[in-house]
Amino acid sequence: MTQREKKRVRVYTGVTKEIFESDIASKRKPALLRGLDIGSACGKWSPEYLAQHGGEKTVKVHVCPTGKMDFIHKNFAYKTLPFNKFVMRTCETVHKEYFICPEEKYYLRSLGDDPRKDISDITIQFPSLAQDIKIPKLYPEDRFFSSVFRISSAQGQLWTHYDIMDNLLIQVTGRKRVVLYSPKDATNLYLNGDKSEVLDIDRPDLTKYPKFAEATPFECFLEPGDVLFIPAMWFHNVISLQFGVAVNVFWRHLDMGFYDSKDTYGNKDLVPAARAMQIMDRAIKALEELPEEYKDFYARRIVCKIKDRCFSREDRNSSSGVNGDSTEDE
């Protein structure tokens, strides 16, 4: 059993807001945008500059002995550091000061001042640095949700996950590899909440995760100044090939009523979806009261009903059914 061949994310240049809305966002596929004006950050944001202008603000960071963070076995710890010290450690290969080991890796996903109440917004948490970056206004400004500052050690890798909002990943410094999977591959990714349990996407254990071989990866490499459009629900796995700094901008592309008003991270499932999942949990519990053959029979009936009512016409008519076979191409 072998994995499917990687497909390349389509590259666009000379993108305007009108082109983005009509030709890119509407297609609901990832797109690599090049040549956009993101301000002076690319030329300025060296580790020394970031440390000086970011100051001593305390930040909460992931610390991992290896680059590949494992959310299942929790091979990382949350630690706090002054921002300036964090930046200088993150660009090092071997550390004189460390929490776990001299080769440990660091990853920052910025938070609001009070994560329970405040969203991440670089203009609020890092106002001096925010002056250097120009966020492309490709989306309605009144739909803005958050701007997330991300800094990673070289070879830092974040597990495959999805977000419920559209977002732009603005790469400022360093190179980054991003591998994405269509929402239609959800049944092939062995989900645990919003994350895939398949941590090694390049050398997966296909004996343990055989369906993963059916998932179609889309790959791109981000250079400084590149902007990657990641549509909502597209799974993505991000590897920093070098010390890297990026800013994610999320916006609510659906009606406001779909989103949980208390969600400051922007990662809670849409309100109707969360309600449906709760109902499904109760349905499964009810089915488990039945004898085995009856449970199997009625479970199949429910699957058929969901497929007939909720799947696209193409998927309803395909032989793959609920296996979610993804054959789309760019």
Side-chain angles (χ1 to χ4, degrees), residues 3-12 24-25 27-34 62 67-72 107-110 120 138-139 145-152 155-172 174-204 209 212 214-223 226-242 244-251 253 265-270 324 326 328-330:
Q3 292 183 259
R4 290 195 170 185
E5 185 178 349
K6 294 184 180 71
K7 297 185 179 183
R8 289 180 293 179
V9 174
R10 185 170 177 180
V11 179
Y12 294 80
I24 299 174
K27 291 183 179 179
R28 311 309 301 157
K29 292 182 179 180
L32 181 54
L33 315 179
R34 289 202 159 129
H62 296 70
K68 194 186 301 292
M69 287 188 286
D70 182 344
F71 79 94
I72 297 175
Y107 169 69
L108 167 69
R109 188 269 191 216
S110 64
S120 178
L138 301 178
Y139 56 90
F145 177 75
S146 66
S147 52
V148 180
F149 206 14
R150 298 186 189 272
I151 302 179
S152 175
Q155 304 308 313
Q157 182 172 5
L158 190 62
W159 50 74
T160 307
H161 67 284
Y162 70 87
D163 299 302
I164 62 163
M165 298 182 195
D166 284 358
N167 83 86
L168 297 176
L169 174 57
I170 306 167
Q171 189 67 16
V172 181
R175 297 183 71 242
K176 188 168 285 178
R177 175 191 177 215
V178 184
V179 179
L180 306 103
Y181 300 91
S182 165
K184 293 189 183 230
D185 267 326
T187 52
N188 296 324
L189 297 181
Y190 298 87
L191 298 185
N192 185 332
D194 63 346
K195 307 170 185 67
S196 170
E197 293 187 0
V198 184
L199 296 175
D200 192 337
I201 60 172
D202 295 310
R203 293 171 293 278
Y209 305 114
F212 190 73
E214 296 300 315
T216 301
F218 291 74
E219 183 180 56
C220 64
F221 291 85
L222 303 187
E223 303 287 344
D226 286 349
V227 178
L228 177 63
F229 169 57
I230 307 177
M233 298 181 297
W234 270 79
F235 298 88
H236 44 288
N237 183 290
V238 182
I239 305 124
S240 293
L241 303 176
Q242 301 168 319
V245 184
V247 177
N248 258 127
V249 181
F250 293 87
W251 67 94
H253 65 290
Y265 284 82
N267 60 4
K268 290 186 179 180
D269 285 318
L270 299 179
S326 177
E328 60 186 299
D329 197 351
E330 287 290 309

Qualifying residue for side chain to side chain donor-acceptor pair (under 3.5 Å) with Thr216, from Gln3, Arg4, Lys184: Arg4
Supply the atom-to-atom distance [X] [atom1] to [Y] [atom2], rounded to the nearest 0.5 angstrom.
| X | Y | atom1 | atom2 | answer |
| --- | --- | --- | --- | --- |
| Glu214 | Asp185 | CD | CG | 9.0 Å |
| Phe145 | Tyr265 | CZ | OH | 11.0 Å |
| Leu241 | Gln157 | CG | CD | 10.0 Å |
| Phe229 | Asn167 | CZ | CG | 8.0 Å |
| Asp194 | Trp159 | CG | CH2 | 9.5 Å |
| Thr160 | Phe235 | OG1 | CZ | 9.0 Å |

Stepwise side chain to side chain contact (heavy atoms under 4.5 Å, CB included) test for Asp166 and Arg28: CA-CA 9 Å; Asp166 284 358; Arg28 311 309 301 157; 2.7 Å; yes
Pair Ile201-Tyr181, side chain to side chain contact (heavy atoms under 4.5 Å, CB included): steps then yes or no: CA-CA 11 Å; Ile201 60 172; Tyr181 300 91; 3.8 Å; yes
Residues that Arg175 engages under salt bridge (Lys or Arg N to Asp or Glu O under 4.0 Å), provided they are two or more places apart: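 Per chain and number, Arg175 pairs via salt bridge (Lys or Arg N to Asp or Glu O under 4.0 Å) with Glu223.
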Counterpart residues, salt bridge (Lys or Arg N to Asp or Glu O under 4.0 Å), relative to Asp200 (two or more places apart):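 Listed in chain order: Arg203.
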Is there a side-chain contact between [X] and [Y], using heavy atoms and a 4.5 Å cut-off?
| X | Y | answer |
| --- | --- | --- |
| Phe212 | Leu189 | yes |
| Leu158 | Lys195 | no |
| Arg150 | Val148 | yes |
| Leu138 | Leu33 | yes |
| Asp163 | Ile230 | no |

Exercise: identify the closest heavy-atom pair between [X] and [Y]:
| X | Y | answer |
| --- | --- | --- |
| Leu169 | Lys176 | CD2-CD, 4.3 Å |
| Val179 | Pro217 | CG1-CB, 3.8 Å |
| Ser146 | Ser120 | CB-O, 3.2 Å |
| Ile164 | Gly266 | CG1-O, 3.6 Å |
| Leu191 | Ala186 | CG-O, 3.8 Å |
| Asp202 | Lys6 | OD1-NZ, 4.1 Å |

Partner residues of [X] under the side-chain contact (heavy atoms from CB on, under 4.5 Å) criterion, sequence neighbours left out:
| X | result |
| --- | --- |
| Val245 | Trp45, Leu50, Phe149, Ile151, Thr173, Phe243 |
| Lys27 | Arg10, Tyr12 |
| Ser152 | Tyr107, Ser240 |
| Asn192 | Phe71, Glu197 |

Test of understanding: with side-chain hydrogen bond (donor to acceptor under 3.5 Å, both in side chains), list the residues that count as partners of [X], not counting sequence neighbours.
| X | value |
| --- | --- |
| Glu219 | Arg177 |
| Tyr162 | Asp269 |
| Ser196 | none |
| Gln242 | none |

Side chain to side chain contact (heavy atoms under 4.5 Å, CB included) evaluation trace for Val178 with Leu222: CA-CA 8 Å; Val178 184; Leu222 303 187; 4.2 Å; yes
Sequence neighbours excluded, every pair satisfying salt bridge (Lys or Arg N to Asp or Glu O under 4.0 Å) that has a member inside residues 226-239: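 Matches after skipping sequence neighbours: Arg34-Asp226.
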Heavy atoms of other groups near Met233 CE, more than 12 under 6.0 Å: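 Open: at most 12 neighbouring heavy atoms sit under 6.0 Å from CE of Met233.
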Residues Leu228, Gln171; criterion side chain to side chain contact (heavy atoms under 4.5 Å, CB included); working and verdict: CA-CA 8 Å; Leu228 177 63; Gln171 189 67 16; over 6 Å; no
With Tyr139 via ring pair (Phe, Tyr, Trp, His ring centres under 6.0 Å) - residues at least two apart: Trp251
